[in-house]
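Please read the structure below before turning to the comments.
Just so you know, these numbers use all the heavy atoms, side chains as well, and skip hydrogens, waters and symmetry mates.
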Amino acid sequence: PRPLAVLQKTLAATASARAGISVGESVVHWFKRDLRTRDNHAFTLAAIKAAENKVPLICLFVVSPQDYEAHVTSAPRVDFELRCLEELKGGLAKRRDVPLYVLTVEERNNVCGEVLRLCEEWGARHVFCNIEYEVDELRREEKLVRMALEQGVNFTAVHDDVVVAPGALTTGQGKQYSVYSPWYKAWVSHLHSHPYLLKEHIPPEGKNPAGTRNRYKELFEAPIPPAPENKRMTKERKVSFESLWPAGELEAQARLKKFIDKRIHTYNTGRNFPAANNTAVLSIHLSVGTLAARTCIRQARDANSTTKLDGGNDGVKTWISEVAWRDFYKHVLAHWPYVCMGKPFKYEYSSIRWEYNTEHFEAWCQGRTGYPIVDAAMRQMRRMGYMHNRCRMIAASFLAKDLLLDWRQGERFFMLSLIDGDFASNNGGWGFSASCGVDPQPYFRIFNPLLQSEKFDPEGEYIRKWVPELKFVEGKAIHDPYGRGEGKTAERAGYPKPIVVHKECRERCLKRYKEGLRRD
Ligand code: FAD
């Protein structure tokens, strides 16, 4: 059985027993990847419960270094998460007299026990959290519902990370969609018929009861722990990331507002051009939950000329359909949890003979493949922890199809580098690019990095920004300085020659995919 279904079954089976539990001395909200107070489903439920019963609300966040390893979390991402926690802790204390306690649990298996130990200590009998859809998290929460009940605690987990809950959309035959377009039609129509799913969750205003600060003084005073040693950045890098990526929900809301006011209406025409700076650059906030996908869709809809999500302005409509991809990949993860286990979504693609060429892999990671658009993309990611979507597709396709390296190596390297790393979206993007995922490109559709470069970075602005060795290469030679240009300018500047020839790679890839397709 799927872990999400098991969790939902346990929640349903225990609902009446849990409902009978009295409130206790405090209510707990357990923050995970939902680091915001605004439009947060579980936080709102917890705040209502606490306010109605006039008991303090206490917030908890669990840092588990083993989770960082299990989820292949990058150092910039850990740093961003901790900075968001600082913001959140400050805001909760100042505006609501609510403490946020960050607990480090070395062994991830001990998380359930530690959460319940704190409930005991704080006299809490109700814990609320939002559901995460990765297998380990779903299994942990299911165990926690049962363990909590034995201790007389009501542990409640609700949907929030997605706009439409996994399982809500099925084909005419009652199956999960594996192709985006019909899934998207169903997603839109579900939201049109259930408009309350886009309503904002508004927690009650007001502060914790008088005396909370004294009673839970040590929680207010406890510092946010530093990042584990293997996830720390150098001081210079940390400073640069702090200015590139300011933390917190207010920043997320301001970014969303600016995007909707200034750029959303031209998103459809500009979104594929990495130099145009035309996308929202909100993935980092969506991935730590300083912003809800629901808020994005609602505000985009409200800026449109129609309430229909698939109508009105082309820019707004297109952006909504892109944010929906995030939901789509989470539905896929919840329904086919084996994608979490390093398996390709499509079994037929599990026997492709990959190259394990470490020099090629290293050149790709370093942005030194001799293909300027690929190198610019990889260097943008190294510098910013972020890469434009078009470039993610080009770089991923180059690794899987041109270099014929195992896509899982690339998937992992992305997670180790991206500040917005999100398992479901990253896995979905890699599956798409390597043609072995859900809703794949057919394997014989292979990106030509030179044509992609000419089409989406026609003036070479993006390349010149991220590959300074090519700053002085003129005209179309920027896309292929050795093939199209005289090559000398690039060579003098130390830019590498192409490590492979695309045309040959294409032939090799077609052959290898064809040979490798399993028919058993
Ligand atoms: P916008 O274009 O403004 O879109 C708004 C939001 O919609 C994004 O923030 C994101 O949450 C969602 N979205 C848009 N496109 C996609 C998509 N194709 N798949 C899923 N969600 C989407 N996105 C991540 O958040 N984390 C990842 O680890 C990640 N890895 C990727 C790996 C590959 C190989 C590929 C091809 C794509 C990956 N994406 C990932 C999806 C996409 O590239 C980023 O979400 C997007 O570039 C973020 O920039 P933005 O916020 O300006 O996006």
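For the pair D375 and W466, the minimum side-chain heavy-atom distance is 4.5 Å or more. Inter-residue side-chain proximity for C391 and Q452 is flagged as unmet; no heavy-atom pair is nearer than 4.5 Å.
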Just do the side chain to side chain contact (heavy atoms under 4.5 Å, CB included) check on R140 and C112 with the steps written out, would you? CA-CA 7 Å; R140 183 188 63 195; C112 296; 3.6 Å; yes

Please walk me through it: do E69 and N230 pass side chain to side chain contact (heavy atoms under 4.5 Å, CB included)? CA-CA 10 Å; E69 297 309 318; N230 67 343; 2.8 Å; yes

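No salt bridge links E507 with K503; every basic N to acidic carboxylate O contact stays at or beyond 4.0 Å. Salt-bridge formation is detected for the pair K330/D422: a Lys NZ or Arg NE/NH1/NH2 atom is positioned less than 4.0 Å from an Asp or Glu carboxylate oxygen. Salt bridge E491/K497: present, at least one basic N to carboxylate O contact under 4.0 Å. Look at R108 and D136 and you find a salt bridge, because one of the NZ, NE, NH1 or NH2 atoms lies within 4.0 Å of a carboxylate O, short of that distance. Between K231 and E81 there is no salt bridge, since no side-chain nitrogen of the basic residue lies less than 4.0 Å from a carboxylate oxygen of the acidic one. Between K185 and D310 no salt bridge is recorded (no basic side-chain N to carboxylate O distance below 4.0 Å).
Heavy-atom contacts from other residues, nucleotides or ligands closer than 6.0 Å to CZ of R383 number 12 or fewer. In E459, the CD atom is not crowded: 12 or fewer heavy atoms of neighbouring residues, nucleotides or ligands sit closer than 6.0 Å. For R512, the CZ atom sits in a packed shell: over 12 heavy atoms of surrounding residues, nucleotides or ligands are nearer than 6.0 Å. Other residues, nucleotides and ligands contribute more than 12 heavy atoms inside 6.0 Å of the CD atom of E515. Heavy-atom contacts from other residues, nucleotides or ligands closer than 6.0 Å to NZ of K465 number 12 or fewer.
Between L309 and Y184, the closest heavy-atom pair is O-OH, 4.1 Å. Among all heavy-atom pairs drawn from S433 and S397, the shortest one is CB-N, 4.0 Å. Contact between L4 and P166 at its shortest, heavy atoms only, is CD2-CB, 3.8 Å. Here the closest heavy-atom approach between residue W336 and residue S178 is recorded as CH2-CB, 3.8 Å. Closest approach of S283 and R392 over heavy atoms only: OG-NH2, 4.4 Å. When every heavy atom of A300 is checked against every heavy atom of I320, the shortest pair comes out as CB-CG1, 3.9 Å.
With hydrogens and angles left out, the side-chain atoms of D406 and Y356 include a donor and acceptor closer than 3.5 Å. Side-chain contact annotation: Y133 with H159, donor-acceptor N/O pair under 3.5 Å present. A side-chain donor from one of N272 and R390 sits under 3.5 Å from a side-chain acceptor of the other. Residues Y462 and Q380 bring a donor and an acceptor atom of their side chains to less than 3.5 Å of each other. Donor-acceptor pairing under 3.5 Å is lacking for the side chains of T295 and R36. Looking at N426 and E411, their side chains never bring a donor and an acceptor atom within 3.5 Å of each other. A side-chain donor from one of N130 and N40 sits under 3.5 Å from a side-chain acceptor of the other. Counting only N and O atoms by type, the side chains of D480 and H502 include no donor and acceptor under 3.5 Å apart.
I297 pairs with exactly one of V323, D327, V164 by the side-chain contact (heavy atoms from CB on, under 4.5 Å) rule, that one being V323. Between D160 and the choices K32, R33, R294, the salt bridge (Lys or Arg N to Asp or Glu O under 4.0 Å) rule is met once, by R294. Each of E137, E132, Q66 was checked for a side chain to side chain donor-acceptor pair (under 3.5 Å) with H71, and the lone residue meeting it is E137. Screening F413, W407, Y329, F414 against W430 for a ring-ring contact (aromatic ring centres under 6.0 Å, His included) leaves a single residue, F414. Of the candidates K476, R484, H479, R484 is the only one forming a side chain to side chain donor-acceptor pair (under 3.5 Å) with E454.
Taking the six-membered ring wherever Trp is involved, the centroid distance between the rings of F31 and F43 falls below 6.0 Å. Centroid-to-centroid, the aromatic rings of W245 and F80 stay 6.0 Å apart or farther.
Aromatic ring pairs are classed by plane angle as parallel below 30°, tilted from 30° to 60° and perpendicular above 60°; the pair Y180 and F328 is perpendicular. Using the six-membered ring where Trp is involved, H201 and H41 have ring planes that are parallel, under 30° apart on the 30 and 60° scheme. Relative orientation of the Y482 and Y495 rings is parallel, given thresholds of 30° and 60° on the angle between their planes. Between W183 and H331, the angle of the ring planes goes over 60°, which puts this pair in the perpendicular group of the 30/60° scheme.
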